[in-house]
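Keep in mind that the numbers below use all heavy atoms, side chains included, and drop hydrogens, waters and symmetry copies.
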Amino acid sequence: MVNIVWFRRDFRLHDNTALWHAAKASGEGAVQPVFVFDDEILRHPDTGGAVVSFMLGCLESLREAFAASGVSMRFLHGPPSEQLPLFANAMGARAVYFNKDYHPAAIARDDEVTLALSRAGVEVRSFKDQVIYEERELLAASTGEAYTVYTPYARAWRAKLAAERDAQAGPKLWDAPKLRPFNVEPTLIRGLKLVDLYTTADLGFDPPPALSVPRGEAAARAMLRRWCSGPIKDYAQSRNFPADEDGTSKVSAHLRHGTLSPRQCVRAAMYVRGKSTAFSDGADKWIGELIWREFYQQILFNFPSVVDQPFKAKLANLKWRTDAADFQRWCDGMTGFPIVDAAMRQLNATGWMHNRLRMIVAMFLTKDLRIDYKLGERYFMQRLIDGETAQNNGGWQWSSSTGTDAQPYFRIFNPTSQSRKFDENGTFIRRWLPELSDVPLEFIHEPSAMTPEQQRANQCIIGRDYPVPVVDHQQARLETLAMFKE
DNA sequence: TTTAGATTGAG
DNA sequence: TCAATCTAA
Ligand SMILES: Cc1cc2nc3c(=O)[nH]c(=O)nc-3n(C[C@H](O)[C@H](O)[C@H](O)COP(=O)(O)OP(=O)(O)OC[C@H]3O[C@@H](n4cnc5c(N)ncnc54)[C@H](O)[C@@H]3O)c2cc1C
């Protein structure tokens, strides 16, 4: 008998919990991998060409990796609760295995699928896989409730990992399972929609013009290896400077699509940390970022209303501005604030943006333009190759002060001082704004401060070659403070 | 994962 | 005068 493994966002062979269990349970049997194209997701406004093209590249690699073991991966198109029971029937499968997803819509879908399969007499087994600690595994000791503040959550997370490692019971070091060749054609059943692996264009999307991260599990593993063998050492400092190409790992899209597991990342970081004290600061800090990821996954699971409501319920009725033209300027990187514009152009071109810049542009949209964070959140989902509700919503709510930020003061970045601090030499700005290439360093963060003569001398006329700033920051800051006061 | 404004002290 | 440092939000 064969066990089906339903892949959703876990496109790897190594350290894949559901795949490992399916292969083990199969014994003499085999594993049938499948992916389901679900129109509910494909037609959702949060779904964009960046994630779709990244995912399809990963699926192609996964299909090849299975093929190398003589296993044929199959693709279906339709509602999973309808297609999977038909497919299980067509394959004569005993069980369907999959890894859990914590988005409320995914939970609802998985409940539906589980019900439909059970009715059809097919066993369902689901697993924790995309996080190290899930759901309500970590609760605040004082209240017995889920954590809502990062710092105590991270402390508890690290303590639990340390305790489990000491007890040799930590995250399992599962490798790729041994796979038996399996290449059985599904019986043709009415309603079962077997399809070829689609291309991005087939699905009606455009990929980012300059995709910045190589796709697939092999590429992901190579990136992690390279990152942990060197650049991770300086992460505690380098992570804040967008001009530094090696300042961060850029594995986010791989964690998003499961071409890497969080266990592989933590394990690799712990390994180099143990080997040399020079790596310990960097590795610890980097694990801290992986914990941010788990923190937001846990927030999404325990507070699913964040999907359409502010985490701080009191702030549900903020009077955001609705200005389509300003929003468009922000999207296009035409605000007249170089650091914001360079960041948005990096996003539009490559599908990835540095964390420091995500904070700056999110803060700018919500607190300088006073536009609802939901608009920015959706735009990010459409453009990011790592676009994912938990972290994206968490990041947007944090930036717009509607979320889990625990600081006692109201956070408003000054885009120009952020620019001076984190792109001191204007290297990043110049990389993405060719129209500023002749502007001297003195004005690179604020070209509108040039006199008309200086503009002429530096080949950059404000209002012609580069936009006039869309807002006055000082003014906007006061208006935002007033808006939140109400 | 902060900022603006006040205070201080060197020149 | 200015930049470094402090502090309240
Ligand atoms: C407004 C906003 C929106 C964001 N949207 C997303 C998103 O859609 N998807 C996404 O994966 N991340 C998102 N982030 C978090 C973060 O910006 C990215 O994860 C990070 O820039 C990815 O680059 P990296 O892999 O080089 O990160 P590294 O610095 O190398 O960090 C390693 C990993 O830790 C996780 N991580 C790092 N920073 C954060 C963080 N602040 N919050 C949660 N997880 C983090 C990511 O999985 C990342 O791959 C968002 C942040 C903000 C402020």
Side-chain angles (χ1 to χ4, degrees), chain A residues 147-155 157-158 232 234-244 247-250 252 281-297 299 311-312 314-315 318 337 339-340 342-343 346-347 352-370 373 376-377 380 386 390-424 428 441-442 445-446 449 469 471-486:
Chain A
Y147 284 98
T148 58
V149 181
Y150 169 77
T151 310
Y153 174 81
R155 205 174 300 128
W157 193 101
R158 288 184 199 266
I232 194 177
D234 304 317
Y235 182 72
Q237 297 83 40
S238 65
R239 59 191 227 86
N240 267 316
F241 303 102
D244 184 348
T248 72
S249 69
K250 297 196 181 171
S252 50
D281 283 1
D284 274 341
K285 204 66 190 181
W286 195 61
I287 291 170
E289 296 309 307
L290 297 166
I291 302 175
W292 270 106
R293 177 178 172 278
E294 305 235 334
F295 175 69
Y296 283 139
Q297 292 285 343
I299 290 285
F311 177 81
K312 290 185 180 147
K314 270 186 259 168
L315 297 178
L318 288 173
F337 288 79
I339 194 72
V340 173
Q346 176 182 43
L347 171 66
W352 184 84
M353 191 197 290
H354 189 281
N355 181 246
R356 168 61 52 184
L357 301 174
R358 295 188 202 203
M359 296 191 292
I360 293 173
V361 303
M363 199 79 68
F364 186 82
L365 183 75
T366 56
K367 296 183 179 167
D368 283 281
L369 299 181
R370 265 198 301 131
Y373 74 86
E377 183 190 359
F380 266 32
D386 59 30
Q391 286 95 275
N392 191 47
N393 179 270
W396 276 96
Q397 293 225 32
W398 183 92
S399 304
S400 61
S401 301
T402 62
T404 53
D405 189 6
Q407 288 324 117
Y409 51 85
F410 187 74
R411 222 183 269 273
I412 306 188
F413 285 1
N414 178 324
T416 312
S417 53
Q418 286 281 313
S419 185
R420 288 187 217 282
K421 227 188 258 167
F422 298 112
D423 190 30
E424 202 179 352
F428 182 81
L441 181 57
E442 192 191 352
H445 306 287
E446 201 181 2
V471 285
D472 174 61
H473 173 71
Q474 302 308 333
Q475 172 81 25
R477 178 174 178 274
L478 296 175
E479 288 169 3
T480 298
L481 288 168
M483 176 174 89
F484 273 83
K485 208 162 222 158
E486 265 189 37

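Contact between the side-chain N/O atoms of A:K421 and the OP1/OP2 oxygens of B:dT1 is not found at any separation under 4.0 Å. In this model, the phosphate group of B:dT1 is not approached by any side-chain N or O of A:H354 to a distance below 4.0 Å at OP1 or OP2. The side chain of A:Q474 contributes no N or O atom lying less than 4.0 Å from OP1 or OP2 of B:dT3.
Between A:R358 and A:D386 there is a salt bridge, with a side-chain nitrogen of the basic residue lying less than 4.0 Å from a carboxylate oxygen of the acidic one.
Across all strands shown, A:K367 has no heavy atoms under 4.0 Å from either base or sugar-phosphate atoms. If you check every strand for non-hydrogen atoms under 4.0 Å, A:F410 touches nothing. Residue A:Q407 is classed as having no contact, given no heavy-atom separation below 4.0 Å to the nucleic acid.
As a whole-Å value, the separation of A:N414 CG from B:dA4 P is 5 Å. Rounded to an integer number of Å, the gap from A:L481 CG to B:dT2 P is 17 Å. B:dT1 atom P lies 13 Å from atom CD of A:Q418, rounded to whole Å. Distance, A:N355 CG to B:dT1 P: 12 Å, rounded to whole Å. At whole-Å resolution of the value, CD in A:Q475 and C1' in B:dA4 are 16 Å apart. The CG atom of A:L478 sits 10 Å away from the P atom of B:dA4 (whole-angstrom rounding). Summarising the geometry, the separation between CZ on A:F413 and P on B:dA4 is reported as 12 Å, rounded to the nearest angstrom. Straight-line distance from the CZ atom of A:R420 to the P atom of B:dT3: 12 Å, rounded to whole Å.
Relative orientation of the A:F484 and A:F410 rings is tilted, given thresholds of 30° and 60° on the angle between their planes. In this pair, A:W292 and A:Y296 present their aromatic rings tilted. The plane angle is within the 30 to 60° band.
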Q: Apply side chain to side chain contact (heavy atoms under 4.5 Å, CB included) to the pair A:R356 and A:D423, showing each step before the final yes or no.
A: CA-CA 10 Å; A:R356 168 61 52 184; A:D423 190 30; over 6 Å; no
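Residue A:Y409 and nucleotide B:dT2 are classified as a stacked aromatic pair, their ring centres being separated by less than 5.5 Å at an interplanar angle below 30°.
In this structure, of B:dT1, B:dA4, B:dT2, it is B:dA4 that holds the atom nearest to the side chain of A:R477.
With hydrogens and angles ignored, the 3.5 Å screen pairs a side-chain donor or acceptor of A:H354 with a backbone N or O of A:R239.
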